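A quick write-up on the structure given underneath.
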Number of protein chains: 2
Amino acid sequence: MNMTETAAVEGGGSLHQRILSDISEKILSGAWAPGFRIPFEHELTAEYNCSRMTVNKALSQLAKAGLIERRRRSGSFVRQPQSQAAVLEIHDIRIEVEALGLAYRYERVARQKRRSSAEDRGLLELGAAGQVLALECRHFAGKRPFAHEQRLINLAAVAEAGDEEFLDIAPGPWLIGRVPWSEAEHRIRAGGADRHIAEALDIATGAPCLVVERRTWSAEHPVTQVRFTYAAESHTLVARFRPSQG
Amino acid sequence: MNMTETAAVEGGGSLHQRILSDISEKILSGAWAPGFRIPFEHELTAEYNCSRMTVNKALSQLAKAGLIERRRRSGSFVRQPQSQAAVLEIHDIRIEVEALGLAYRYERVARQKRRSSAEDRGLLELGAAGQVLALECRHFAGKRPFAHEQRLINLAAVAEAGDEEFLDIAPGPWLIGRVPWSEAEHRIRAGGADRHIAEALDIATGAPCLVVERRTWSAEHPVTQVRFTYAAESHTLVARFRPSQG
DNA sequence: CGTTTCAATATGTATATACATAATCGTCAT
DNA sequence: ATGACGATTATGTATATACATATTGAAACG
């Protein structure tokens, strides 16, 4: 029963969590290098003086988190440094603006219900033609334009959107809660503002802007495609990486 | 034993995985709306004709994935649409370039070992003064500059880096595998190329560029800070979101 | 010498059971 | 009414046990 020596940084109370953090600490500190075979379940069982189920729970979680790889009959091994993945939190623009301590205002610039053009279908990755709703909006921080929004909504997936004017509520918040999204894809790039955008955002033509495009699916069906163009050159997205735990 | 009716889309074989995907399907399809109380463990136990441990395993995973919230004595509830989070894969530049089908080349522009300036300490979030290594590099795709790299390495954390010239290997790949990173933070923004960058990337001054800044820690100690400036205006980062499973 | 077969082994999944813990509800006394 | 208190309940964690499955290594065989 040498389980008192390591004492674990912070396990969360339960034994399997302590085992989990003990091991991930060893891996993250480099003490157990990639490729190293970590002790067998029955060895950890002895070391922590607990049942195999408890050890198994910890190791299974480590495997799912990608820190180790488990091989039957061979044991569990520390994985190679995985492809660096980070979690990007994408907040509603209202939240972002209010986090800056500024007043938020929303404005709908244009709205058009139309039969999908070839370009629309390309943007939505839509197979067949059908009705879409095209929206153009502005989001303000204080008195200044903060972001420009161009959006397509697939009315075949969200029929009710066709009856909404979006004068008082932005399409983003409207869609959330109404449509359960099951998948989303974001593309992030830098772009120079074209004349139209520059005018809408009250910035110079060609000024560098962060552009975020998002496509959303619900149960395999395309729901909406949106392009946000942010006015402030200094606007930043933050993505964090922190392995396992959670 | 009414477990044959739903048949689950694709569970992965094991029972607890089937329960997990059955339930997440109900949530993602909207059949069980946010706030809905999903069946108690003992009810699912009866429905799937299995032990509580098996149900518990599925529900615990759903809770950790953030799809449901569990409350003692009250039951388990579908969570409100969570803060939209996406997984951003950040690849090594060599990989990115080669994925474009172009030849990759690396060049070290400058290297300076120095005592950390106040600015260095700010960038690295370093408390005390100490030696740092400042690097400037270029990454090429074919014949054209692809990205510009400005990097600081905290020599207190990675002493060996002080002896490395980084003429043939980029600091990114060098650091990976040598230093176990435990935490990273990325900041992504659009910026106009200043004269120095524009010259290095062979683009116009003021051209919009995607700028990615990364800070890395290992066991609470700052390791490195790096700023990548991408030449191609069309260069995009892709982030995907797909709830639970794994 | 090469191939097949078989036993050993570590993990994967599931069970029945037990007790701990937190939250809620009803009861009872103030 | 209001508050204290204990019973009830669902989840949280852990155990011992069992069998399935994939993989390895060695023995048996042609």
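Every chain is numbered from 1, with letters handed out A, B, ... down the list of sequences. Just so it is clear, the values below take in all heavy atoms, side chains as well, and ignore hydrogens, waters and symmetry mates. Remember, it's a predicted structure, so these values are computed and weren't measured experimentally.
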Problem set entry | Which residues share a side chain to side chain contact (heavy atoms under 4.5 Å, CB included) with A/Ala170, sequence neighbours left out | A/Tyr104, A/Tyr106, A/His139, A/Pro173

Exercise. Charged N to carboxylate O under 4.0 angstrom, B/Arg215 versus B/Glu183?
Worked result: no

Seminar exercise, completed: To the nearest angstrom, the CG-C1' distance between A/Asn56 and D/dA18 comes to 14 Å

Problem set entry | Partners passing side chain to side chain contact (heavy atoms under 4.5 Å, CB included) against A/Thr54 (at least two apart in sequence or in another chain) | A/Leu15, A/His16, A/Ile19, A/Cys50, A/Ser51

Exercise. With respect to the phosphate group of C/dT11, does any side-chain polar atom (N or O) of A/Ser76 fall under 4.0 Å of OP1 or OP2?
Worked result: yes

Exercise. Would a distance-only check, ignoring hydrogens and angles, find a side-chain to backbone donor-acceptor pair under 3.5 Å from B/Asn154 to B/Thr224?
Worked result: no

Exercise. Side-chain donor-acceptor pair under 3.5 Å between A/Ser76 and A/Arg70, yes or no?
Worked result: yes

Exercise. How is B/Ser74 classified with respect to the nucleic acid when contacts are heavy atoms under 4.0 Å: base, sugar-phosphate, or nothing?
Worked result: sugar-phosphate

Exercise. Looking only at side-chain N and O atoms, does A/Arg70 come under 4.0 Å of OP1 or OP2 in C/dT11?
Worked result: yes

For this session: Can you tell me the distance, in whole Å, between the CZ atom of A/Arg37 and the P atom of C/dT9?
Result: 14 Å

Exercise. What's the closest nucleotide to the A/Leu15 side chain, out of C/dA14, D/dA14, C/dT15?
Worked result: D/dA14

Exercise. In whole angstroms, how far is the P atom of D/dT13 from the NZ atom of B/Lys64?
Worked result: 11 Å

Exercise. Taking only Watson-Crick and G-U wobble pairs with both distances under 3.5 Å, what dot-bracket line describes DNA chain C, where [ ] shows pairs that cross earlier ones and | shows pairs with another strand?
Worked result: ||||||||||||||||||||||||||||||

Exercise. Who passes side chain to side chain contact (heavy atoms under 4.5 Å, CB included) against B/Arg240, sequence neighbours left out?
Worked result: A/Glu185, B/Val238

For this session: Take the protein atom CG of B/Leu59 and the nucleotide atom P of C/dA14, then report the distance between them rounded to whole Å.
Result: 14 Å

For this session: Report the residue (A/Pro39 or B/His16) whose heavy-atom-nearest nucleotide on DNA chain C is the more 5′ of the two.
Result: A/Pro39

Seminar exercise, completed: When rounded to whole Å, the CE to P distance for the pair B/Met53 and D/dA18 reads 17 Å

For this session: Check whether any side-chain N or O of A/Thr54 sits under 4.0 Å from OP1 or OP2 of D/dT15, and answer yes or no.
Result: yes

For this session: Search all heavy atoms of B/Glu164 against all heavy atoms of B/Ile169 and return the closest pair with its distance.
Result: OE2-CG2, 4.0 Å

Exercise. Taking NZ, NE, NH1 and NH2 as the nitrogens, is one of them in B/Glu69 or B/Arg79 under 4.0 Å from a carboxylate oxygen of the other?
Worked result: no

Seminar exercise, completed: residues 28-39 of chain A vs side-chain hydrogen bond (donor to acceptor under 3.5 Å, both in side chains), sequence neighbours excluded, gives A/Arg37-A/Glu43

Problem set entry | Check: B/Tyr230 and A/Arg189 side chains under 4.5 Å, non-hydrogen atoms | no

Exercise. Given atom CD1 of B/Ile68 and atom P of D/dA10, what is their separation to the nearest angstrom?
Worked result: 15 Å

For this session: Kindly point out which of C/dA16, D/dG12, C/dT13 is positioned nearest to the side chain of B/Arg52?
Result: D/dG12

Exercise. Between C/dG12 atom C1' and A/Glu69 atom CD, what is the distance in whole Å?
Worked result: 15 Å

Exercise. Just how far, in rounded Å, is C1' of C/dT15 from CD of B/Glu41?
Worked result: 15 Å

Shorter than 3.5 Å, N or O on both sides, protein versus nucleotides 4-9 of chain D: list them out with atom names.
| residue | atom | partner | partner atom | Å |
| --- | --- | --- | --- | --- |
| D/dT8 | O2 | B/Arg73 | NH1 | 2.6 |

